[in-house]
Amino acid sequence: MAPMNDRIARVNELLKREIADVIERYALNEGGILVSITKVHASESLRNATVYVSIFGANEEKAQNVIKKLYQLKPEIQREVSRHVILKYTPVLQFVRDTNLEDGDRVLSLIREMEENE
């Protein structure tokens with residue numbers, strides 16, 4: 001892996017931890033809903049970053065409301081990130097729902113169901 005890729009990977013992990021900490025402080029994990037950051041993908045220039053958000057225990061409407069809430073909190077989240085992650089530019093965050101874990105959980109559930117019916 002090239003040194004630039006190593007740096008971006010370290011920044012991605014640092015951003016992931018910091019954003020998760022900030023989100024935890026804003027109490028989005030309430031009402032049986034669990035919000036977690038699964039990964040962050042920063043651009044090579046580090047000016048933009050896509051934040052992948054997994055939302056458990058919510059129907060589609062509630063999950064969309066969580067994403068909307070994240071966009072409302074975006075200025076505060078970016079401000080907190082800029083205080084703790086020292087970079088030349090604080091990346092502009094974009095939030096995307098990550099359904100991989102939910103999809104995997106659904107597949108496992110279907111497999112269990114099939115095994116019980118055999």
Side-chain angles (χ1 to χ4, degrees):
M1 211 186 262
M4 185 62 169
N5 289 340
D6 285 345
R7 179 170 186 249
I8 291 174
R10 287 193 311 271
V11 168
N12 286 342
E13 192 56 36
L14 195 58
L15 289 170
K16 177 183 164 189
R17 283 195 309 256
E18 189 59 39
I19 294 167
D21 287 348
V22 173
I23 286 174
E24 191 175 316
R25 286 193 294 263
Y26 283 104
L28 292 176
N29 293 330
E30 57 186 32
I33 297 174
L34 176 63
V35 179
S36 64
I37 305 302
T38 55
K39 66 181 173 181
V40 175
H41 185 265
S43 65
E44 286 194 28
S45 67
L46 300 176
R47 288 186 182 248
N48 298 296
T50 303
V51 180
Y52 294 88
V53 182
S54 180
I55 305 166
F56 281 108
N59 60 25
E60 191 61 35
E61 182 184 347
K62 286 183 181 178
Q64 289 305 317
N65 287 339
V66 169
I67 296 293
K68 285 179 189 172
K69 181 74 171 169
L70 286 170
Y71 274 102
Q72 290 169 355
L73 293 170
K74 184 173 151 178
E76 289 87 358
I77 294 170
Q78 287 192 190
R79 188 169 29 257
E80 289 292 319
V81 167
S82 72
R83 287 183 187 155
H84 297 101
V85 181
I86 309 302
L87 297 168
K88 187 173 184 177
Y89 306 103
T90 300
V92 174
L93 304 176
Q94 297 297 317
F95 299 99
V96 175
R97 183 165 177 212
D98 184 355
T99 59
N100 288 340
L101 295 174
E102 294 169 61
D103 295 343
D105 197 36
R106 196 171 17 261
V107 168
L108 289 174
S109 175
L110 289 171
I111 290 172
R112 266 189 244 108
E113 220 175 273
M114 287 173 56
E115 288 174 345
E116 288 172 4
N117 290 335
E118 286 183 355

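Side-chain atoms are counted along with the backbone in the values below, which use heavy atoms only and exclude waters and symmetry mates.
- Looking only at side-chain heavy atoms (C-beta outward), Asn65 and Lys69 stay at 4.5 Å or farther from each other.
- Judged by distance alone, the side chains of Tyr71 and Gln94 do bring a donor and an acceptor atom under 3.5 Å apart.
- Residues Ile55 and Arg97 form a side-chain contact, since some pair of their non-hydrogen atoms from C-beta on lies under 4.5 Å apart.
- If you take NZ on Lys16 and OG on Ser36, they are separated by 8.5 Å, rounding to the nearest 0.5 Å.
- Between the CD atom of Gln78 and the CG atom of Leu15 there is a distance of 10.0 Å, given to the nearest 0.5 Å.
- The distance from the CD1 atom of Ile86 to the CG atom of Leu14 is 9.5 Å, given to the nearest 0.5 Å.
- Counting only distance, with no hydrogens or angles, the side chain of Thr38 and the backbone of Tyr52 share a donor-acceptor pair below 3.5 Å.
- With a 4.5 Å cut-off on side-chain heavy atoms, His84 and Val22 do not count as touching.
- Considering only heavy atoms from C-beta on, Asn12 stays 4.5 Å or farther from Lys39 through its side chain.
- The CZ atom of Phe95 sits 6.0 Å away from the CD1 atom of Ile23 when rounded to the nearest 0.5 Å.
- Rounded to the nearest 0.5 angstrom, Ile111 CD1 and Glu116 CD are separated by 12.5 Å.
- The same ILVMFWY cluster, assembled from side-chain heavy atoms under 4.5 Å apart, contains both Val81 and Leu87.
- Atom NZ of residue Lys74 and atom CD1 of residue Ile19 lie 11.0 Å apart, to the nearest 0.5 angstrom.
- Residues Thr90 and Val85 fail the side-chain proximity criterion, which asks for heavy atoms closer than 4.5 Å.
- The shortest side-chain heavy-atom distance between Val53 and Ile37 falls under the 4.5 Å cut-off.
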Would Lys88 and Leu46 count as a side-chain contact (heavy atoms from CB on, under 4.5 Å) if you check the C-alpha gap in whole Å, the side-chain angles of each, and the deciding distance to 0.1 Å? CA-CA 9 Å; Lys88 187 173 184 177; Leu46 300 176; over 6 Å; no

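- Between Arg83 and Glu80 there is a salt bridge, since a side-chain N of the basic residue sits under 4.0 Å from a carboxylate O of the acidic one.
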